Amino acid sequence: MKIASWNVNSVRARLDRVLGWLAAANPDVACLQETKVVDADFPFDAFRAAGWHVAVHGQKTYNGVAIVAREEPTDVVRGMGDGDPDAEARLIAATVAGVRLVDVYVPNGQEVGSPKYAYKLRWLARLRAFLDSNCKVEQPLVVCGDFNIAPDDRDVWDVEKWRGQCLFSDAEKEALRHVAAFGLADALRLRHAEAGLFTWWDYRMGAFHRGWGLRIDHFLVTPSVAARLRSVTIDREARKGEQPSDHAPVVLELD
DNA sequence: ATGGCTACTCCTAGTAGA
């Protein structure tokens with residue numbers, strides 16, 4: 001089974017590239033983030049024509065998540081359902097081929113100490129509560145997406161530059177560890193220990209070409225998924241060429 | 001020193017991303 005996660009930075013602006021990548025990589029399921037479109041305007045027809053089922057949770061202009069699969073996703077849940085008054089479309093969950101998928105687009109946080117940073121930390125605490133209430137560590141569970149947090153020194157291109165900055169601050173790393181403490185492992189680190197495995201590069205300053213990236217897109221998996229883990233790969237090729245997303249897809253293969 | 005790109009929107013200039 002092949003599961004992909006990709007922040008596409010607008011599914012409409014990127015439609016041809018997204019469909020082209022899906023056709024070539026041919027995952028069983030892909031979790032997309034930053035679709036940036038209300039559900040009514042999602043390009044369902046183009047996906048259906050290419051043989052994909054799609055479950056979406058979107059909003060105008062910002063955020064938005066979608067699960068795209070060869071089989072119909074079941075038991076779809078949109079949002080954390082915890083009564084928090086915010087209406088940001090940042091989480092969708094569904095089951096595909098017996099695996100429970102939680103697709104997340106964690107808030108960026110903007111700047112350490114800002115209101116958006118506080119919102120990010122609060123959102124991550126809510127995500128842990130969502131897992132506690134809706135999932136079990138004994139089940140095949142994959143929590144994946146754009147976490148907007150680089151977990152450790154290996155995951156930033158310049159440790160000194162990034163130390164204490166938003167995306168790499170201690171409180172963010174601790175909030176991510178608390179999510180994982182539900183009983184989830186960072187799948188990439190189960191297979192690769194080396195530094196410099198990045199998933200995002202700034203559009204500016206030729207960052208991709210210069211290797212100035214961060215690893216902020218993750219697959220967190222329960223033990224039953226880890227036991228089936230064959231490979232975790234970052235498709236850097238998808239960051240190249242005309243009008244790329246600023247994120248590369250990450251692909252998990254299970255036995 | 002700053003910003004350097006991209007996508008979005010009933011403000012095509014201002015906001016947001018990371």
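What you see is a predicted model; the values in this text were computed from it and never measured. Residue numbering restarts at 1 for every chain, and letters A, B, ... go by the order of the sequence lines.
The separation of B/dG3 from B/dG17, taken at their C1' atoms, amounts to 16 Å, rounded to a whole angstrom. A distance of about 15 Å separates the P atoms of B/dT15 and B/dG4, rounded to the whole Å. Taking the P atom of each, B/dC10 and B/dT6 are spaced 23 Å apart, rounded to whole Å. B/dA1 and B/dT12 have their C1' atoms separated by 29 Å, with the value rounded to a whole Å.
No donor-acceptor distance shorter than 3.5 angstrom exists from the side chain of A/E253 to the backbone of A/S231, with no hydrogens or angles considered. Within the 3.5 Å criterion, the main-chain N or O of A/K2 finds a donor-acceptor partner in the side chain of A/D28. Without hydrogens or angle criteria, A/R236 side chain to A/F198 main chain gives no donor-acceptor distance under 3.5 Å.
Both A/Q243 and A/Q110 lie near DNA chain B, and the one whose nearest nucleotide falls closer to the 5' end is A/Q243. Heavy-atom nearest nucleotides on DNA chain B were determined for A/T35 and for A/I216, and the one closer to the 5' end corresponds to A/T35.
A/Y117 and A/W123 end up in different hydrophobic clusters when Ile, Leu, Val, Met, Phe, Trp and Tyr side chains are linked at under 4.5 Å. Each of A/I216 and A/V104 belongs to its own hydrophobic cluster when Ile, Leu, Val, Met, Phe, Trp and Tyr are linked at side-chain heavy-atom distances under 4.5 angstrom.
Between A/K60 and B/dC10 there is a side-chain polar atom (N or O) within less than 4.0 angstrom of OP1 or OP2. Side-chain N/O atoms of A/R12 include none lying less than 4.0 angstrom from OP1 or OP2 on B/dT6. Taking side-chain N and O atoms only, A/R14 has a distance below 4.0 Å to OP1 or OP2 of B/dA7. For B/dC8, the OP1/OP2 oxygens have a side-chain nitrogen or oxygen of A/S10 closer than 4.0 Å. Dashed line: the shortest gap from a side-chain N or O of A/K116 to OP1 or OP2 of B/dG17 is under 4.0 Å.
Relative to the ring axis of A/W200, A/R215 does not place its NZ or CZ within 45° and under 6.0 Å from the centre.
Contacts of A/N63 with the nucleic acid, taken as non-hydrogen atoms under 4.0 Å apart, are absent. Residue-level contact check: A/F168 touches neither bases nor backbone, having no heavy atom under 4.0 Å from any strand. Looking at heavy-atom distances under 4.0 Å, A/E34 makes contact with sugar-phosphate atoms alone, never a base.
Distance A/E88 CD to B/dG17 C1': 13 Å, rounded to the nearest Å. What separates CE of A/M205 from C1' of B/dA1 is a distance of 14 Å, to the nearest Å. As a whole-Å value, the separation of A/D41 CG from B/dC8 C1' is 13 Å. Atom-to-atom, CZ of A/R90 to P of B/dA16 comes out at 12 Å; the value is rounded to the nearest Å. In this structure, A/E111 places its CD atom 14 Å from C1' of B/dA16, rounding to the nearest Å. Across the protein-nucleic acid pair, A/N9 atom CG and B/dC5 atom C1' stand 10 Å apart, rounded to whole Å. Distance, A/Y203 OH to B/dC8 P: 10 Å, rounded to whole Å. A/D202 places its CG atom 14 Å from the C1' atom of B/dA7, with the value rounded to the nearest Å.
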